[in-house]
Amino acid sequence: MNENVKPIKVIKHSLGTGTQISLEIPSLCPWCHVSFNPNINVKDHFAEGPIDTFILRYHCTYCTKESIAVIASETGKIRRQQMLYPEQKGTEFDELLAKLSPRFISLYNSAERSELRGDLDLAGMGYRAALEVLLKDSALDTTEDSASKIAKMNLGQAIKQYYGENPFGMVPADVVRLTANDFVHWNRPDDFNARQALDEMKSYLNIFITIVKMQQMVKHPPVERYKK
C-alpha cells in the first residue's frame, strides 16, 4: 500500500481565464499511475448561478494518454474534482491484508471513490466502516473469541477489548472513530472542516492498517522455522 500519495492534489492554472485559479487534479496519472503533471486543455466552461464548471482534458507527459475531468465550485474557491475518466484505481493492499479482510479493502476503496468525487461525508463514513471491519476481522483471526461475540461489540468496545493495552493500535483507531463521529452524526461543530478531518482520519487509519499488517506478518512469517 502506498500511504504517502494522496489521490488528489491542488495546483494553480489559468485555464484560459487570464488569472491563476486553484483546482484539484489526480496525484497520479489514471492510466500509468506515474506522478501527474499533465498538459491541460479546457474543452468546455460554463457557469450556472454561483457555480463555475470546467470540462478538462489532461495529457499525461509520461505515457501520453489522455483523461477527462469535470471540476466545479463557487467562483473564487478551489475547483473540486467531480468526475474523472478513467477512474483512478483504488489503493492496492498486499496479500496478507487481502486474505484477512477482503471486505475492508472493498470499503476502503469505496470511500476513496467517494473522496475523489468530493463526497467527503460519505468518504468519512466509509473509512470508519473500513476500520471497524478490519479491526473485527483481525480480532477473529488473532484471538479465540467467536464471531458472534465480536459482532455484538460496537466499535468503541472492540477497540478497548482488543487494543486497550496497546496504544499503538488503540490511539489511531480511536482517533478515526472519534473524528468519524462528525461525518456520521447529525450535530457537529459549526467550524467543522471536512477536508482537514478526512485527511487526519486517513493518516491515523493508515497507522492502524500498518499495525494489523505487522500482526499478520508475525503470524505468517515466510521462513520455515516459524511455520506451523
Side-chain angles (χ1 to χ4, degrees), residues 1-7 88-116 119-188 194 196-228:
M1 177 182 63
N2 191 336
E3 300 170 359
N4 300 314
V5 178
K6 294 182 179 180
Q88 289 174 285
K89 291 184 178 179
T91 297
E92 294 185 4
F93 295 90
D94 63 35
E95 187 177 356
L96 285 173
L97 289 176
K99 287 183 177 180
L100 172 69
S101 187
R103 187 178 169 214
F104 153 73
I105 294 174
S106 176
L107 284 166
Y108 190 102
N109 288 337
S110 292
E112 274 190 322
R113 288 193 293 271
S114 294
E115 181 183 357
L116 286 168
D119 297 330
L120 301 189
D121 280 341
L122 287 177
M125 296 175 196
Y127 288 126
R128 182 205 178 281
L131 166 71
E132 182 163 357
V133 168
L134 179 61
L135 190 152
K136 291 184 175 181
D137 279 344
S138 175
L140 184 63
D141 183 65
T142 57
T143 74
E144 299 297 323
D145 288 348
S146 66
S148 59
K149 177 181 177 179
I150 295 170
K152 292 176 183 177
M153 300 181 193
N154 62 34
L155 179 55
Q157 291 168 336
I159 292 171
K160 184 177 180 180
Q161 175 70 23
Y162 300 113
Y163 291 93
E165 298 181 0
N166 177 3
F168 295 102
M170 183 183 71
V171 171
D174 239 9
V175 169
V176 174
R177 178 181 69 87
L178 294 171
T179 305
N181 285 342
D182 286 329
F183 289 101
V184 174
H185 294 160
W186 171 71
N187 188 27
R188 66 185 182 190
Q196 179 180 339
L198 197 68
D199 286 344
E200 289 174 351
M201 273 185 66
K202 290 180 66 180
S203 294
Y204 281 90
L205 177 55
N206 285 335
I207 293 172
F208 184 78
I209 293 168
T210 300
I211 297 299
V212 173
K213 180 183 173 182
M214 290 171 60
Q215 291 173 335
Q216 289 296 302
M217 290 175 68
V218 170
K219 184 175 180 182
H220 304 286
V223 293
E224 292 294 334
R225 176 177 177 178
Y226 294 100
K227 289 183 179 180
K228 293 182 180 180

Rounded to the nearest 0.5 Å, how far does CD of E144 lie from NZ of K149? 10.5 Å
Begin from the C-alpha positions of L96 and M217 and carry the test side chain to side chain contact (heavy atoms under 4.5 Å, CB included) through to its verdict. CA-CA 8 Å; L96 285 173; M217 290 175 68; 3.6 Å; yes
Tell me the closest heavy-atom pair linking A123 and S114, and the distance in Å. N-CB, 3.9 Å
Would you say the side-chain atoms of Q157 pair up with the backbone N or O of N154, donor to acceptor, closer than 3.5 Å? yes
Between F168 and M214, is any pair of side-chain heavy atoms under 4.5 Å apart? no
Side chains of Q161 and D145 in contact at under 4.5 Å (non-hydrogen atoms): yes
On a heavy-atom basis, the closest approach of N187 and D182 is O-OD1, 4.5 Å
So CG of L100 and CG of L140: to nearest 0.5 Å the spacing works out to 9.0 Å
F183 CZ: over 12 foreign heavy atoms closer than 6.0 Å: yes
Rounding to 0.5 Å, atoms CD1 (I159) and NZ (K136) come to a distance of 10.0 Å
If you take all heavy atoms of A98 and P102, which pair is closest and at what distance? O-CD, 3.4 Å
Closer than 3.5 angstrom, by distance alone: can the side chain of D94 be matched with the main-chain N or O of L97 as a donor-acceptor pair? yes
Would you sort out whether D137 and R103 count as a salt bridge (Lys or Arg N to Asp or Glu O under 4.0 Å), showing the intermediate values? CA-CA 9 Å; D137 279 344; R103 187 178 169 214; over 6 Å; no
Would you compute the distance between atom CG of D199 and atom OG1 of T179 and round it to the nearest 0.5 angstrom? 11.5 Å
Could you check L198 against Y127 for side chain to side chain contact (heavy atoms under 4.5 Å, CB included), going step by step and ending with a plain yes or no? CA-CA 9 Å; L198 197 68; Y127 288 126; 3.8 Å; yes
I'd like to check the salt bridge (Lys or Arg N to Asp or Glu O under 4.0 Å) partners of D141; sequence neighbours left out, ordered by chain and number. K219
Quick one: CD1 on I150 to OG1 on T143, what's the gap to the nearest 0.5 Å? 5.0 Å
Side chains of F208 and V176: does their closest heavy-atom pair fall under 4.5 Å? no
The test is side chain to side chain contact (heavy atoms under 4.5 Å, CB included); show your working for S138 and Y163 and say whether it passes. CA-CA 11 Å; S138 175; Y163 291 93; 3.7 Å; yes
Pairs in or reaching into residues 150-176: which pass salt bridge (Lys or Arg N to Asp or Glu O under 4.0 Å), with residues at least two apart or in two chains? D174-R177
Give a yes or no on whether the ring-centroid distance for F93 and F104 is below 6.0 angstrom. yes
Test side chain to side chain contact (heavy atoms under 4.5 Å, CB included) on E115 and L120; report intermediate values, then the result. CA-CA 5 Å; E115 181 183 357; L120 301 189; 4.3 Å; yes
Starting at CG of L205, measure out to OG1 of T210 and round the result to the nearest 0.5 Å. 9.5 Å
Does any donor atom in the side chain of Q215 or T142 lie under 3.5 Å from an acceptor atom in the other side chain? no
For L131 and A173 the tightest heavy-atom approach is CD2-O, 3.5 Å
Could you check if a side-chain atom of Y108 sits within less than 4.5 angstrom of a side-chain atom of L134, using non-hydrogen atoms only? no
Taking every heavy atom of M201 against every heavy atom of G124, the minimum-distance pair comes out as CE-O, 3.5 Å
